[in-house]
Amino acid sequence: MTAPAITPSSIIRLVDTFYGRVREDAVLGPVFEAKLAGRWQEHMPRMYGFWTKVLLGTGEFEGNVFGKHMALSGIEGEHFIRWLMLFKLTTVEVFGAEEAKEAILVAERIASSLQLGFFGEIRV
């Protein structure tokens with residue numbers, strides 16, 4: 001059986017599914033909702049653009065991802081554990097295990113970079 005290809009439409013499915021889970025998650029939901037309440041519809045196209053740029057090298061996403069996240073307060077190591085767990089689960093479901101590997105590596109690098117910024121070390 002062939003793994004599903006990573007395409008712009010599968011990236012949208014990934015992002016929608018992932019953020020749906022984030023919003024329902026007891027650990028992550030309150031953090032995201034505090035920042036994005038009433039603004040989810042404007043945030044989602046940015047996430048589609050970000051992941052399309054990262055995974056396919058296409059699109060016109062521009063932004064300071066690190067700086068935006070460093071401005072958040074109340075971030076703990078547990079948030080990264082949950083974020084990565086949900087992302088990995090969703091990515092494998094949407095892309096298949098083999099195709100998900102690159103996206104998971106990117107997510108782990110992002111989480112590591114943000115953890116260094118928040119805590120001065122990588123905690124997960």
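The first residue of the sequence shown is numbered 1, and numbering continues consecutively from there. Owing to the predicted nature of the structure, the values given are computational and were not obtained by experimental measurement.
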Non-hydrogen side-chain atoms of Tyr19 and His43 separated by less than 4.5 Å | yes
What residues join Leu89 in its hydrophobic cluster, counting side-chain heavy atom gaps under 4.5 Å, either direct or through other members?
-> none
Could you check if a side-chain atom of Leu14 sits within less than 4.5 angstrom of a side-chain atom of Phe87, using non-hydrogen atoms only?
-> yes
Do Val31 and Val27 belong to the same hydrophobic cluster, where Ile, Leu, Val, Met, Phe, Trp and Tyr are linked whenever their side-chain heavy atoms lie under 4.5 Å apart, directly or via other members?
-> no
Does Ile11 reach the side chain of Phe95, with side-chain heavy atoms less than 4.5 Å apart?
-> yes
With Glu76 via side-chain hydrogen bond (donor to acceptor under 3.5 Å, both in side chains) - residues at least two apart | none
Taking atom CD of Glu102 and atom OG1 of Thr91, what is their separation to the nearest 0.5 Å?
-> 11.5 Å
Residues Pro30 and Ala26: closest non-hydrogen pair is CD-O, 3.4 Å
With side chains defined as the heavy atoms from C-beta onward, is the minimum distance between Arg23 and Phe32 less than 4.5 Å?
-> no
For Lys35, which residues count as a side-chain hydrogen bond (donor to acceptor under 3.5 Å, both in side chains) partner, sequence neighbours excluded?
-> none
Note: Ser10 and Ala5 closest approach over all heavy atoms is OG-O, 3.3 Å
Leu84-Val92 co-clustered via ILVMFWY side chain contacts under 4.5 Å = no
Between His79 and Leu28 the two heavy atoms that sit nearest each other are O-CD2, 3.4 Å
Only counting residues at least two apart or in another chain, list the ones meeting side-chain hydrogen bond (donor to acceptor under 3.5 Å, both in side chains) with Arg21.
-> Thr90, Glu93
Take Val94 and Phe18, measure what side-chain contact (heavy atoms from CB on, under 4.5 Å) needs, and give me the verdict at the end.
-> CA-CA 10 Å; Val94 172; Phe18 172 68; over 6 Å; no
Look up atom CD in Glu108 and atom CD1 in Ile122, then write down how far apart they are to the nearest 0.5 Å.
-> 10.5 Å
What distance do Glu99 atom CD and Ile104 atom CD1 have between them, rounded to the nearest 0.5 Å?
-> 11.5 Å
Report the residues that fulfil side-chain contact (heavy atoms from CB on, under 4.5 Å) with Ser113, sequence neighbours left out, ordered by chain and then residue number.
-> Phe66
Table please: side-chain donor-acceptor pairs of residues 114-121 below 3.5 Å, with sequence neighbours left out.
from: Gln115; atom 1: OE1; to: Arg123; atom 2: N; distance (Å): 2.7
from: Gln115; atom 1: OE1; to: Val124; atom 2: N; distance (Å): 2.9
from: Gln115; atom 1: NE2; to: Ala111; atom 2: O; distance (Å): 3.1
from: Glu121; atom 1: OE2; to: Arg123; atom 2: NE; distance (Å): 3.2

Roughly how far, to the nearest 0.5 Å, is the CE atom of Met47 from the CD atom of Glu42?
-> 11.0 Å
Side chain of His69, backbone of Val65: donor and acceptor closer than 3.5 Å?
-> yes
How would you list, by chain and number, every residue that makes a side-chain hydrogen bond (donor to acceptor under 3.5 Å, both in side chains) with Glu78, sequence neighbours excluded?
-> none
Residues passing the salt bridge (Lys or Arg N to Asp or Glu O under 4.0 Å) test with Arg46, sequence neighbours excluded, are none
What pairs of donor and acceptor atoms, side-chain ones from residues 50-63 against any protein atom, are under 3.5 angstrom apart with sequence neighbours left out?
from: Thr52; atom 1: OG1; to: Tyr48; atom 2: O; distance (Å): 2.7
from: Lys53; atom 1: NZ; to: Gly59; atom 2: O; distance (Å): 3.4

Linked, directly or transitively: Val22 and Met85 (ILVMFWY side chains, under 4.5 Å) | yes
